[in-house]
K.L.:
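Got a structure here, written out as structure tokens. Questions coming.
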Amino acid sequence: MSTVAVAPPEPLEHDMAELINIERQARGLVPLRLDDELSDVARSYSQRMAATDQVHHRLDRPMEERIEKALPGTCLFGENVSKHTSIDYSLGDLMLSDGHRKNLLHPDYTVVGIGIVKGEGDYLYITQEFARPCERRRRR
């Protein structure tokens, strides 16, 4: 059974959001806004990954359901998960993977939630939740 840190490493979550936005801005993309509710979802999922020492997208309900619960009316969803010793190594590996890179650089995402939990062996279990809330239609 993994030992999981009780207090989330929030400074690391903010640092990872900054690193993501540096990558996006270097390519002329709009930076993502770090969303507190979405970060709670990501942190909870990272907690589950650390507790089970598993890193994949289907430990419980689909990510669309997790994101929709936090941000009702979301039109576009994405998720990256990883286990690494640092956020720099994590982001580097994610950028080398076509699917993960696509999430990080998707031009239509507007918000990100990041959850990082330190598990056994000082590994960081990292979840990145990406979303774009639907635009509300104006009444005529």
Side-chain angles (χ1 to χ4, degrees):
M1 186 71 161
S2 296
T3 304
V4 178
V6 176
E10 292 180 20
L12 284 180
E13 294 167 358
H14 288 275
D15 290 349
M16 177 157 267
E18 287 180 29
L19 290 173
I20 290 169
N21 283 330
I22 288 169
E23 292 288 346
R24 290 177 63 85
Q25 289 174 313
R27 291 158 180 84
L29 297 169
V30 175
L32 300 175
R33 179 179 58 80
L34 185 60
D35 184 88
D36 290 336
E37 288 81 15
L38 207 51
S39 290
D40 289 343
V41 169
R43 200 172 298 116
S44 175
Y45 199 73
S46 290
Q47 191 91 24
R48 182 169 282 114
M49 290 193 306
T52 61
D53 192 26
Q54 296 181 60
V55 181
H56 60 80
H57 299 281
R58 294 279 184 164
L59 290 177
D60 60 12
R61 62 189 195 270
M63 61 111 173
E64 294 89 352
E65 289 180 21
R66 296 192 311 267
I67 292 172
E68 178 70 26
K69 185 173 182 183
L71 294 176
T74 298
C75 289
L76 188 62
F77 307 89
E79 179 179 74
N80 289 343
V81 294
S82 73
K83 174 184 173 183
H84 254 290
T85 56
S86 77
I87 61 172
D88 295 309
Y89 288 144
S90 172
L91 188 60
D93 279 354
L94 292 170
M95 288 296 287
L96 292 174
S97 162
D98 289 339
H100 295 109
R101 180 183 175 93
K102 182 178 177 183
N103 280 336
L104 290 161
L105 302 178
H106 198 298
D108 295 332
Y109 289 138
T110 58
V111 296
V112 65
I114 298 173
I116 300 175
V117 173
K118 187 179 280 190
E120 198 170 299
D122 287 335
Y123 279 100
L124 301 175
Y125 290 80
I126 302 167
T127 304
Q128 301 168 340
E129 306 287 10
F130 301 92
R132 186 194 82 218
C134 300
E135 294 180 26
R136 295 183 181 183
R137 293 186 180 190
R138 295 182 185 185
R139 292 185 175 197
R140 291 182 183 195

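Every heavy atom of this structure was used, including side-chain atoms; hydrogens, water molecules and symmetry mates were not.
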K.L.:
E79 and N103: which non-hydrogen atoms are nearest, and at how many Å?
P.N.:
O-ND2, 3.2 Å

K.L.:
So, for R132 and D108, which heavy atoms are closest and what is the spacing to 0.1 Å?
P.N.:
CD-O, 3.1 Å

K.L.:
Could you check whether atom OH of Y123 has more than 12 heavy atoms from other residues, nucleotides or ligands sitting under 6.0 Å from it?
P.N.:
no

K.L.:
Let me confirm one number: the CD-CD1 distance from E18 to I87, rounded to the nearest 0.5 Å.
P.N.:
9.0 Å

K.L.:
Give the intermediate values and the outcome of side-chain contact (heavy atoms from CB on, under 4.5 Å) for residues S82 and H100.
P.N.:
CA-CA 10 Å; S82 73; H100 295 109; over 6 Å; no

K.L.:
What are the two closest heavy atoms between M95 and L105, and how far apart are they?
P.N.:
CE-CD1, 4.0 Å

K.L.:
In Å, rounded to the nearest 0.5 Å, how long is the span from CE of M16 to OG of S39?
P.N.:
12.0 Å

K.L.:
Looking at E23 and R27, is any side-chain nitrogen of the basic one under 4.0 Å from a carboxylate oxygen of the acidic one?
P.N.:
yes

K.L.:
Does I126 reach the side chain of V81, with side-chain heavy atoms less than 4.5 Å apart?
P.N.:
no

K.L.:
Would a 4.5 Å heavy-atom cut-off, applied to side chains only, mark L104 and Q128 as touching?
P.N.:
yes

K.L.:
Just wondering, do N21 and L32 contact through their side chains at under 4.5 Å, heavy atoms?
P.N.:
yes

K.L.:
Which heavy atom of T74 sits nearest to which heavy atom of E68, and what is that distance?
P.N.:
N-OE1, 3.3 Å

K.L.:
Any ion pair linking D40 and R43 (charged N to carboxylate O, less than 4.0 Å)?
P.N.:
yes

K.L.:
Between D60 and Y45, does any side-chain donor sit less than 3.5 Å from a side-chain acceptor?
P.N.:
no

K.L.:
If you look at every heavy atom in R24 and Y109, which pair is closest and at what distance?
P.N.:
NH2-O, 3.7 Å

K.L.:
Can you tell if the side chain of M49 reaches within under 4.5 Å of the side chain of V117, non-hydrogen atoms only?
P.N.:
no

K.L.:
Would you indicate whether the side-chain heavy atoms of S46 and I116 approach each other to under 4.5 Å?
P.N.:
no

K.L.:
As an exercise, state the distance from CG of L124 to CD of E13, rounded to the nearest 0.5 Å.
P.N.:
10.5 Å

K.L.:
Measure the shortest side-chain to side-chain distance between D122 and T85 over non-hydrogen atoms and say whether it is less than 4.5 angstrom.
P.N.:
no

K.L.:
In Å and rounded to the nearest 0.5 Å, what is the CD1 to CD distance from I20 to Q25?
P.N.:
12.0 Å

K.L.:
Decide yes or no for T110 and V30: does some side-chain heavy atom of the first lie under 4.5 Å from some side-chain heavy atom of the second?
P.N.:
no

K.L.:
Starting at CG of D35, measure out to CD1 of I67 and round the result to the nearest 0.5 Å.
P.N.:
10.5 Å

K.L.:
Please step through side-chain contact (heavy atoms from CB on, under 4.5 Å) for the pair L76 and F130, ending with a clear verdict.
P.N.:
CA-CA 8 Å; L76 188 62; F130 301 92; over 6 Å; no

K.L.:
Mind checking whether R66 and S44 have side chains closer than 4.5 Å, heavy atoms only?
P.N.:
no

K.L.:
Take Q54 and L59 through the test side-chain contact (heavy atoms from CB on, under 4.5 Å) and record every step on the way to the result.
P.N.:
CA-CA 8 Å; Q54 296 181 60; L59 290 177; 3.6 Å; yes

K.L.:
Between A42 and I114, what is the shortest heavy-atom contact and its length?
P.N.:
CB-C, 3.7 Å

K.L.:
In Å and rounded to the nearest 0.5 Å, what is the CD to NZ distance from E64 to K69?
P.N.:
15.5 Å

K.L.:
Show the numbers, then the answer: is there a side-chain contact (heavy atoms from CB on, under 4.5 Å) between R33 and V111?
P.N.:
CA-CA 5 Å; R33 179 179 58 80; V111 296; 3.1 Å; yes

